[in-house]
Number of protein chains: 2
Amino acid sequence: MKKEFAVVGLGRFGGSICKTLSDQGMEVLAIDTDEEKVNEYASVASHAVVGDSTDEGVLKSLGIRNFDHVIVAIGDNIQASILTTLILKELGVKKITVKAQNDYHAKVLSKIGANFIVHPERDMGRRIANSMISNSVLDYLELSDEHSIVELVASKKMAGNTLIDLDIRAKYGINIVAIKRSQDIIVSPQASESIKQGDILIVIGADVNINRFENKFADM
Amino acid sequence: MKKEFAVVGLGRFGGSICKTLSDQGMEVLAIDTDEEKVNEYASVASHAVVGDSTDEGVLKSLGIRNFDHVIVAIGDNIQASILTTLILKELGVKKITVKAQNDYHAKVLSKIGANFIVHPERDMGRRIANSMISNSVLDYLELSDEHSIVELVASKKMAGNTLIDLDIRAKYGINIVAIKRSQDIIVSPQASESIKQGDILIVIGADVNINRFENKFADM
Ligand SMILES: Nc1ncnc2c1ncn2[C@@H]1O[C@H](COP(=O)(O)OP(=O)(O)OP(=O)(O)O)[C@@H](O)[C@H]1O
Ligand SMILES: Nc1ncnc2c1ncn2[C@@H]1O[C@H](COP(=O)(O)OP(=O)(O)OP(=O)(O)O)[C@@H](O)[C@H]1O
Ligand SMILES: [Ca+2]
Ligand SMILES: [Ca+2]
Ligand SMILES: [Ca+2]
Ligand SMILES: [Ca+2]
C-alpha cells in the first residue's frame, strides 16, 4: 500500500519535499494559502489545494487524519506553524514533521507533540560551513559527535601512492571505504589500488584522525 | 594563517554559516541591512556591520577583496543577491558562494561567475523526504546518481544474524562499513559480528541494491 503524505506550506523546503515524494511515487496532498504556489504544485502533487491549515474545518474536510505523515513547512509565520501542529495532533495524525525557525520554536513544537522537528537552513549551513573550512572535504555524513564519513579530494601529495604505501589504517586509524574516480565508484578498494589526482576518497573514522590525515597530506 | 570569511545576509542559513565558521575559530565578518540581525551576531562573528551589500562603496570600504571566501546568503531579494555577486566578482573576490532561490536564479549566478551555488532548502527537502519514505533509512550521503552510503536501522528480521549469516556482500552486492550501537561505532565489523536490534548499519552500494536489501529484511 502506498503511503499517503500531506505537505502544508509550499516554500522551497516544503516544495522540495512535495516534489521528491511525488517523484518517488508517493501520494501527496499539497496545501498552501497562496494560490500561485498551489498552481505551481498542481501538476507535481497528487492533489493541491488552497487552504489555511490553521482552520480546523479545512484540515478535517481534507480528511487529514487518514494521512500517514503530515509535514508542516510553514516558515516565517511561527504562530501558524504551532497552531497547525496543535490541530493536527488533536485530529489524531500519527506522524507530524515540522520545520522549526529557531530553538524556541523547536521547544514549543516538541512540547505539543511534533514527532520530528527539522532545521533545514541551520543544518545545511553547518554542512556547507564545515566543507568551506577545509580545502578538501566535499561532503560528509556524521555518524556521531566524534565519527564521520567524509568525501576528501585526494591531494597532489597522495597521488601515485597505493593504499599500502600510505598505510592509512595503521597510521591514522581511518579507512578508505570507496574511491570516486570520474564516473566510477570503487567500493572497498584493494590495498594495491593507487590513488590518482582528482580522486575523491570516501573515508570513515574519528574526526580527529580524519583531520590529522587531511592535514598531513595537504598541498601547500 | 587563519582563513577570512565574510557572510552577507544573516537569515537562518547565513546565520548558521556564520556561527559554524566562528565556532571553528575562523575570522568572520557578518553583514546585514537589518540592525537587529547584526546585533544578534555581534558576539558570534569577529566583526558584524550594518550595511547594504548592493552598495559597492560599502563593500570596498570593508576591504572585501581581501577576504578568502564570501558567502551571499540573501534570500527573498533575488535582485540584491545577483547585484551583490556581480560587485564581489568585479572587486576581485576569489571564492564566492551564493544561496539560490530557484533554478533560474542559479543559472544567472553561474553565468556571472559565482563559484559555488547552493540550494539549502531544496537539498534538505530531498534528504528529509527520502528518509520519510523509508522506515529504516535515517540519513545518507550520495556518492553518485546511483551509489550512496546510508544509515539503515537494523530490522527485527536481521537481529541475531551474523554478517556471515546474512552474506550481504555476495547476495546484495553491498557492504556494511560500520555499525552504530548506542554510543559505539564499530568500523569495518568482522564477519562474525552479530547484528542486534536497534543497531544502525552504515551501508555502501548501488541504490538499487541497498533498496533490495532493505525491502528483503523489512519487518511487516
Ligand atoms: N496557515 C497556512 N496554511 C497554509 N500554508 C501556509 C500557511 N501559512 C503560511 N503558509 C505557506 O507556507 C509557505 C512557506 O512559508 P514561508 O515562505 O514563510 O517559509 P520559508 O521558511 O521562508 O520557506 P522556505 O525557506 O522553505 O522557502 C508559503 O508558501 C506560505 O504561503
Ligand atoms: N542588500 C542586502 N545587504 C545585506 N543584507 C541583506 C540584503 N538584502 C537582504 N539582506 C539580509 O539577508 C538576510 C536573509 O534574507 P531573507 O530572510 O530574505 O532570506 P531567507 O532565504 O528567507 O533566509 P533563511 O531561509 O536563511 O532564513 C536577511 O537578514 C536580510 O536582512
Ligand atoms: Ca524566508
Ligand atoms: Ca528559508
Ligand atoms: Ca562530526
Ligand atoms: Ca542516490
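To find a chain, count down the sequence lines: A is the first, B the second, and so on, and within it residues start at 1. From a predicted model like this one, the values you see are computed outputs, not experimental measurements.
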Sorted by chain and residue number, the side-chain hydrogen bond (donor to acceptor under 3.5 Å, both in side chains) partners of B/Thr85 (sequence neighbours excluded) come out as none
CG of B/Leu143 to CG of A/Asp184, rounded to nearest 0.5 Å, is 12.5 Å
When rounded to the nearest 0.5 Å, the distance separating OG of B/Ser188 from CD1 of A/Ile204 is 7.0 Å
When the 4.5 angstrom heavy-atom criterion is applied to B/Phe116 and chain A, the contacting part is neither
Among residues 174-182 of chain B, those lying within the under-4.5 Å heavy-atom range of chain A are B/Asn175, B/Val177, B/Ala178, B/Lys180
Derivation and outcome, side-chain contact (heavy atoms from CB on, under 4.5 Å), residues B/His119 and A/Ser16: CA-CA 10 Å; B/His119 297 257; A/Ser16 169; over 6 Å; no
On a heavy-atom basis, the closest approach of B/Phe13 and A/Met124 is CE1-C, 3.9 Å
Give a yes or no on this: more than 12 heavy atoms of other residues, nucleotides or ligands lie within 6.0 Å of atom CZ of B/Arg212. yes
>> So A/Ile185 and B/Glu146, do their side chains get closer than 4.5 Å, heavy atoms only?
In response: no
Whatever's closer than 4.5 Å to a heavy atom in chain A on B/Ile200 counts as neither
Of B/Lys99, B/Lys95, B/Gln101, B/Arg122, the largest count of non-hydrogen pairs under 4.5 angstrom with chain A goes to B/Gln101
The interface call for B/Lys19 against chain A, heavy-atom contacts under 4.5 Å, is neither
Counting heavy-atom pairs under 4.5 Å with chain B, the top scorer among A/Arg127, A/Glu151, A/Glu121 is A/Glu121
Bottom line for A/Ile202: the part with an atom under 4.5 Å from chain B's heavy atoms is side chain
When the 4.5 angstrom heavy-atom criterion is applied to A/Gln183 and chain B, the contacting part is neither
- Ion pair A/Arg12/B/Asp76, N-O distance below 4.0 Å: yes
Okay, A/Ile128 and chain B: the region with an atom under 4.5 Å from a heavy atom over there is side chain
### Task
Decide yes or no for B/Ile133 and A/Lys3: does some side-chain heavy atom of the first lie under 4.5 Å from some side-chain heavy atom of the second?
no
Output for pair (A/Arg126 CZ, B/Thr20 OG1), nearest 0.5 Å, gives 6.0 Å
One should read off an interatomic distance between A/Leu21 CG and B/Met132 CE, to the nearest 0.5 angstrom, of 4.5 Å
